[in-house]
Amino acid sequence: MSWGFLRDLLSGVNKYSTGIGRIWVAVVFIFRLLVYIAVAENIWKYEHDEFECNIKQPGCENVCFDHFFPVSHIRLWALQLIMVSTPSLLVVFHVAYRENREKHHNRKLYKRPGELDGGLLCTYLVSLILKTGFEIVFLVLFYKLYNGFKVPRLVQCDIRPCPNTVDCYISKPTEKMIFLYFLVATSCLCIVLNLSELSYLIFKYSIKCYLKRYIKKRQ
Amino acid sequence: MSWSFLTRLLEEIHNHSTFVGKIWLTVLIVFRIVLTAVGGESIYYDEQSKFVCNTEQPGCENVCYDAFAPLSHVRFWVFQIILVATPSVMYLGYAIHKIARMVEHSEANRRIRSKSFSMRWKQHRGLEETEEDHEEDPMMYPEVELESERENKEQQAPAKAKHDGRRRIREDGLMKIYVLQLLARTTFEICFLVGQYFLYGFEVSSMFVCSRKPCPHKIDCFISRPTEKTIFLLIMYGVSCMCLLLNIWEMLHLGLGTIRDTLNNKRKELEDSGTYNYPFTWNTPSAPPGYNIAVKPEQMQYTELSNAKMAYRQNKANIAQEQQYGSNEENIPADLENLQREIKVAQERLDLAILAYNNQNNPGSSREKKSKAGSNKSSASSKSGDGKNSVWI
């Protein structure tokens with residue numbers, strides 16, 4: 001699985017982050033990406049093969065599995081990781097754009113292209129809001145799709161071509177539930193980190209602005 | 001599947017792209033390669049083993065699976081990624097080759113040319129030939145040599161063989177090829193989008209009715225994970241469209257910037273040569289008029305003066321062109337001679353004003369770029385002693 005690029009991307013983002021941003025990168029990296037690759041993938045690896053229904057009718061298992069898992073947990077988890085890391089790209093692009101502009105006009109336009117001020121600060125805040133938004137969207141999606149982060153042991157299914165109501169058994173339900181809760185916990189932690197970073201930045205820059213204006217008034 | 005080779009190659013391409021090109025590359029890698037690797041391997045690994053048909057007839061399942069999926073989604077996406085990245089890879093090879101040759105060439109020239117200002121013509125050709133011969137040719141561009149101060153820069157510059165940004169690409173004579181690879185990429189993108197629609201539609205159904213031999217009659221076959229596959233199919237459609245839009249944005253970005261740059265160049269070229277060919281079209285960005293790789297473009301500041309001068313020169317060029325080509329009588333105003341006289345006077349005044357302004361504000365800047373002048377004329381673009389501003393004598 002080629003997560004190498006995501007790893008490089010996150011390390012690149014680290015350069016332009018605040019302190020809390022760096023904690024966020026570490027959390028995503030260690031608690032989410034690493035756990036996903038090392039542990040979670042193997043749990044869900046044979047979910048379809050090990051999904052058994054009490055019937056010999058060909059095709060019934062396929063249909064029942066598809067009905068109960070329209071999108072598998074592990075895919076949603078992977079999608080969430082990708083979508084949540086992507087808004088940081090906006091900041092990287094903005095810095096690249098600034099450097100491009102400096103080269104274009106061939107003089108120093110910014111004190112330091114990577115410094116969080118003006119437009120770059122806006123981009124950073126937008127990326128924070130987007131990240132939080134994506135986290136919340138995915139959490140809600142998980143909740144809606146799987147009835148509140150539960151993984152049942154037994155499900156009953158009566159879709160064509162199953163001839164009657166059939167018992168189907170999910171493999172490793174407890175383990176999957178534990179890791180689902182872990183996913184939810186790290187998501188919430190990341191949301192908290194993002195929100196605190198957001199409020200910290202807004203607070204800091206509004207104080208700065210206020211002080212500037214206050215000094216100007218005095219003069 | 002090991003994607004590391006392709007990702008490394010793409011990172012190299014990163015160094016030779018414009019700003020929008022870099023965004024396209026990142027989107028390609030993050031959204032397409034990672035998604036295909038993530039989704040492809042895990043969703044489709046059991047697509048044949050879990051493809052179940054309601055029959056015991058041996059061979060029927062194989063035949064029906066083949067009828068259902070002549071080309072698997074994952075293979076299609078992988079093929080798409082490789083083909084869409086290929087023009088960039090070829091451009092990279094060409095760019096590196098060309099830069100290496102320019103470095104050799106500039107080093108060879110440094111030994112034989114004199115310290116004073118000289119000018120020579122450099123032939124610009126396409127992909128097929130990059131050989132240097134000083135014959136006259138329809139597409140020739142003046143290459144202005146710089147004095148000793150700049151030569152030192154040239155020595156250092158070959159060390160950094162990468163270039164990025166629209167301006168550098170133009171300077172190094174790669175604009176044409178860059179645009180070609182951009183067009184190729186866009187064409188591939190569109191072809192694959194259309195092909196994906198005709199092959200797979202927008203949905204993966206959960207049941208497939210099959211009646212090929214040796215299946216005894218119409219039988220139901222069931223596909224594994226159809227909903228998940230549908231969702232991934234739609235996601236990949238979205239990502240393809242996003243890449244297509246980025247390609248279009250890059251084309252616009254190049255096009256508009258090139259128009260602006262070429263207008264910038266026209267302003268400088270327009271000087272005394274009253275009659276010269278003006279083969280200006282907005283989409284011949286090609287060629288670097290031949291500044292060496294070392295020289296960075298230093299742009300004149302856009303002031304009202306510059307704009308006025310630009311407009312004036314444009315007018316003059318138009319008039320010159322009309323004169324040369326002998327356009328219809330009705331287009332030429334009756335008092336053309338008077339107009340031209342007035343324009344000449346105004347031009348001289350403007351020249352002096354701009355010179356004074358430049359010397360005041362930009363003592364060490366603005367080396368203008370030359371435009372693509374006509375081949376038959378040697379435009380008297382000369383450099384003054386300090387080498388920073390050009391003086392149109």
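In what follows, every chain begins at residue 1, and chains take the letters A, B, ... in the order their sequences are listed.
At least one side-chain heavy atom of Phe222(B) sits less than 4.5 Å from a side-chain heavy atom of Pro161(A). Residues Arg225(B) and Phe69(A) have side chains not in contact (no heavy-atom distance under 4.5 Å, counting atoms from C-beta outward). In this structure the side chain of Phe93(A) reaches within 4.5 angstrom of the side chain of Thr26(B), judged on heavy atoms. Using a 4.5 Å heavy-atom cutoff, the side chains of Pro70(A) and Glu228(B) are not in contact.
By the 4.0 Å N-to-carboxylate-O rule, Lys45(A) lies too far from Glu41(B) to be salt-bridged with it.
Using a 4.5 Å cut-off between heavy atoms, Asn54(B) contacts chain A through both its backbone and its side chain. Residue Ile23(B) touches chain A through both its backbone and its side chain, counting heavy-atom pairs closer than 4.5 Å. With a 4.5 Å cut-off on non-hydrogen atoms, Ile223(B) touches chain A through its backbone but not through its side chain. If you measure heavy-atom distances from Cys53(B) to chain A, the contacts under 4.5 Å come from the backbone alone. The part of Phe65(A) that comes within reach of chain B is its side chain, from C-beta onward, which places non-hydrogen atoms under 4.5 angstrom from that chain. Residue contact with chain B, scored on non-hydrogen atoms closer than 4.5 Å, involves the side chain of Gln57(A) exclusively. Looking at Ser85(A), neither its backbone nor its side chain comes within 4.5 Å of chain B, counting heavy atoms on both sides. Only the side chain of Leu79(A) has a heavy atom closer than 4.5 Å to any heavy atom of chain B.
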Inset, instruction - List the steps and the verdict of side chain to side chain contact (heavy atoms under 4.5 Å, CB included) for Asp220(B) and Arg160(A). - result: CA-CA 11 Å; Asp220(B) 298 332; Arg160(A) 243 200 103 222; 3.3 Å; yes
Inset, instruction - Tell me, with the steps shown, if Ser206(B) and Asp66(A) meet side-chain hydrogen bond (donor to acceptor under 3.5 Å, both in side chains). - result: CA-CA 8 Å; Ser206(B) 54; Asp66(A) 185 61; 5.6 Å; no
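For Glu52(A), the CD atom is loosely surrounded, since the number of other residues' heavy atoms within 6.0 Å does not exceed 12. Annotation for Phe68(B): atom CZ counts as buried by contact number, over 12 foreign heavy atoms lying within 6.0 Å. Counting non-hydrogen atoms of neighbouring residues, nucleotides and ligands closer than 6.0 angstrom, the OH atom of Tyr181(A) exceeds 12 such neighbours. For Tyr97(A), the OH atom is loosely surrounded, since the number of other residues' heavy atoms within 6.0 Å does not exceed 12. Counting heavy-atom neighbours within 6.0 Å of Phe79(B) CZ, excluding the residue itself, gives a total of 12 or less. Other residues, nucleotides and ligands place no more than 12 heavy atoms under 6.0 Å from the OH atom of Tyr143(A).
Between Pro58(A) and Val52(B), the shortest heavy-atom contact is CB-CG1, 3.4 Å. Taking all atoms of both residues into account, the shortest heavy-atom contact from Ser224(B) to Asn62(A) is N-ND2, 4.0 Å.
Here the side chain of Asp46(B) pairs no donor or acceptor atom with the backbone of His48(A) at under 3.5 angstrom.
In this structure, NZ in Lys50(B) is found 5.0 Å from CD in Glu61(A), a value given to the nearest 0.5 Å.
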